[in-house]
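Remember, it's 1-based here, ligands and their atoms both numbered in the order they're listed. Index from 1, following the sequence.
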Amino acid sequence: MEFVELSTGCYYFKGAVNIGYIVSEDKNKGMLIDAGLESSAAKKVIKQLRSEELPLTHLFITHAHADHFGGAFYIQQNYDVHTIAPALEEAIMSNPILEPIYLSQGNSPLREMRNKFLEAPAIRIDEICSEGYLEAFPEVQIIHLPGHSYNQHGILFRGILYAADAFLGKDVLQKHKIPFIVDASENIATLHKLKMMHVEGMVPGHGNDVTEYKDVIQNNILIHEKITLDVQNVVNQSGNSGISFENIVASMLTKYEVEPANLGSYSLFRTAISAHVIQLLANESAVYKITGGKLVIFSALYKA
Ligand SMILES: [Zn+2]
């Protein structure tokens with residue numbers, strides 16, 4: 001993992017999942033922002049910090065996805081770190097089986113759902129945070145960035161925003177095809193909030209750091225709006241017979257040429273597509289009816 005210095009006191013470890021690092025001016029306090037997928041990533045990070053004689057006193061986890069806090073257990077075992085996480089996300093980090101549970105729509109998950117990508121080791125959270133300044137680490141501002149996860153928060157420090165998965169880097173965006181979100185409206189609102197911010201640079205959870213962030217954020221907005229529109233079209237084209245929720249998922253996966261390799265991957269796409277369907281229902285562009293034992297979605301145009 002490359003250790004990149006962005007500005008005075010602001011760094012990140014560049015990898016498949018980026019890990020941020022900030023250090024106070026007196027070098028007494030150092031905070032990691034997320035911990036990577038597993039202990040091997042955390043080990044590399046610790047080795048680098050040790051070789052540069054940089055402190056590690058705090059750990060902030062932006063949201064409760066296993067690829068962002070899977071390495072945190074190892075860090076807590078080896079360092080006395082004050083661990084901070086947003087409300088609700090923290091509940092999943094303390095009880096990580098909740099991720100495979102919610103991806104299984106509340107059921108006890110199949111054994112194959114309980115893998116390192118969906119379930120990280122449980123960690124201890126010392127402080128639950130919400131938007132605002134962090135008392136434990138002056139100058140650190142916590143920014144609410146919901147949509148990709150229920151209560152995701154990023155960190156703003158000396159002009160650099162560590163944005164977690166609120167947006168994806170340019171190359172990563174294409175690869176994901178249908179990016180994971182849990183709330184389409186909040187996700188778009190968060191992207192607009194980021195676009196309006198005046199900062200020196202942003203670091204996404206996946207992809208390169210950017211100074212010209214408005215363009216990449218606009219690309220993210222366009223991709224999500226296109227997905228919403230495509231879901232709306234699938235529903236509209238079903239006419240007055242409507243379309244089952246399961247067939248909306250199938251149509252979208254086919255349209256975007258996504259072939260999930262396993263149940264875990266399928267459940268992530270299903271959740272993302274559901275977010276767009278729920279948005280249509282919430283803004284009354286679509287309605288649902290439970291008929292013939294199926295959840296069927298109708299365009300508001302054909303509302304009986
Ligand atoms: Zn995530």
Side-chain H-bond candidate by donor/acceptor type, H176 with H206, under 3.5 Å: no
Distance below 2.8 Å from the Zn ion (ligand 1): protein N/O/S atoms: H63 NE2, H65 ND1, H148 NE2, D165 OD2
Any residue meeting salt bridge (Lys or Arg N to Asp or Glu O under 4.0 Å) with E225, in chain and number order, not counting sequence neighbours: none
Going by atom type alone, with no hydrogens or angles, which donor-acceptor pairs under 3.5 Å involve a side-chain atom of residues 248-260 and a protein atom two or more places apart or on another chain?
residue	atom	partner	partner atom	Å
S251	OG	N247	O	2.9
T254	OG1	A250	O	2.7
Y256	OH	D230	OD2	2.5

Stepwise side chain to side chain donor-acceptor pair (under 3.5 Å) test for E131 and H144: CA-CA 5 Å; E131 190 163 72; H144 191 210; 5.3 Å; no
Listed partners of E99 passing side chain to side chain donor-acceptor pair (under 3.5 Å), at least two apart: none
From CA spacing to verdict: side chain to side chain donor-acceptor pair (under 3.5 Å), S7, E200: CA-CA 9 Å; S7 68; E200 284 165 37; 4.9 Å; no
